[in-house]
Amino acid sequence: MSRQLGDSRAVTRVEFALSDGSYPFVSVSEAESCSVILEKCLPQTDDTYAEFFSVGGAHPSRLVERIEDGNGGEARVLERTNDGGLVEIDVRDNCPVVSLADVGAVPQTVRSVDGQGTVVADVPRQTETAAVIESFLAAHSEAELAAKKQRESIAPLFGFKNYASHTESLTDRQREVLVTAHEAGYYSWPREATAADLAALLDISEPTLHKHLRAAEQKLVTAMFACPHEELAADGDS
């Protein structure tokens, strides 16, 4: 029997359309006639985030160049594939994903194809959907609400599937730091522990903490990127 929408996993899915060229992932997809997809967003420090975008149909350096030309932060190519690659971007503000997470929504999809951007998030039952929509449109006035519907929740951008297989490449120390960060609420929204808190728990310096976290996160994202992307194609057809 199918699960009813009235149960605890039911959410309201909201979808926003973005066509404003001020967003590099949108402008690059239009200029290069390619796809740019946000694969993962991870907290980096207390006010910065690491976003990992896959580029399909163009050289990933095009996204890096657009970021740097627009003073949108630092970016680097992590991996090159036959028709694209993976780019890491350090983000501080004007980020659709962070805007949604800050008001209690769970980001699911951020992508742009040929200049048509889409941002999708799930709003839990305990969060007011109207308030999420109003807050997002206030922060991103060029966006438009494209859809709103009830559905079951799925795994968010802020998390990893197939944990065991993805963590095989981690060292014991990297795994310890990552697990401590998770259990302390470093990856929670809102964040429940700072980098200083984690460093104190592990009895290491903050620079050492960030070194281990960054190495672990990069390995996990690289492992995830090597696997087929399951949800985006389905969402694109809905």
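Predicted model, so just to flag it, every value in this text is computed and none were measured.
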Distance (rounded to the nearest 0.5 Å) between [X] [atom1] and [Y] [atom2]:
X    : Y    : atom1 : atom2 : result
D83  : S35  : CG    : OG    : 7.5 Å
L63  : S27  : CG    : OG    : 8.0 Å
Q108 : D122 : CD    : CG    : 4.0 Å
E74  : E68  : CD    : CD    : 8.0 Å
I204 : H210 : CD1   : NE2   : 9.5 Å
E183 : L198 : CD    : CG    : 11.0 Å

Is [Y] close to [X] at the side-chain level, that is, under 4.5 Å between some pair of heavy atoms?
X    : Y    : value
V28  : E65  : no
Y23  : H140 : yes
I133 : K148 : yes

Check [X] against [Y] and note the closest heavy-atom contact, atom names and distance.
X    : Y    : value
L213 : A181 : CD2-CB, 4.1 Å
G117 : V26  : CA-CG2, 4.2 Å
V91  : C95  : CG1-CB, 3.6 Å
S54  : L86  : N-CD1, 4.1 Å
L209 : A195 : CD2-O, 3.2 Å
L202 : E176 : CD2-OE2, 3.9 Å

Let's go through R62 and V55 carefully: what are the C-alpha distance in whole Å and the side-chain angles of both, what is the deciding distance for side chain to side chain contact (heavy atoms under 4.5 Å, CB included) to 0.1 Å, and is it a yes or a no?
CA-CA 9 Å; R62 298 292 183 266; V55 179; over 6 Å; no
Would you find a donor on one side and an acceptor on the other, under 3.5 Å apart, between the side chain of [X] and the backbone of [Y]?
X    : Y    : result
T194 : D197 : yes
S135 : A131 : no
S29  : G115 : yes

Just checking E144: does its CD atom have more than 12 heavy atoms from other residues, nucleotides or ligands closer to it than 6.0 angstrom?
no
Within a reach of under 6.0 Å around CD of E134, are more than 12 heavy atoms found that belong to other residues, nucleotides or ligands?
no
Do [X] and [Y] sit in the same hydrophobic cluster, where Ile, Leu, Val, Met, Phe, Trp and Tyr count as joined when their side-chain heavy atoms come under 4.5 Å apart?
X    : Y    : answer
V119 : V113 : no
I67  : V77  : yes
L137 : L18  : yes

Between [Y] and [X], does any NZ, NE, NH1 or NH2 come within less than 4.0 Å of an OD or OE carboxylate oxygen?
X    : Y    : value
E217 : R214 : no
R13  : E15  : no
E32  : R66  : no

V132 and L100: CA distance, side-chain angles, deciding distance, side chain to side chain contact (heavy atoms under 4.5 Å, CB included) verdict
CA-CA 7 Å; V132 170; L100 287 165; 4.1 Å; yes
Verify side chain to side chain contact (heavy atoms under 4.5 Å, CB included) between T180 and Y186, making sure each step is shown before the conclusion.
CA-CA 9 Å; T180 300; Y186 183 74; over 6 Å; no
Determine, stepwise, if the pair F25 / I89 fulfils side chain to side chain contact (heavy atoms under 4.5 Å, CB included).
CA-CA 11 Å; F25 78 102; I89 304 172; over 6 Å; no
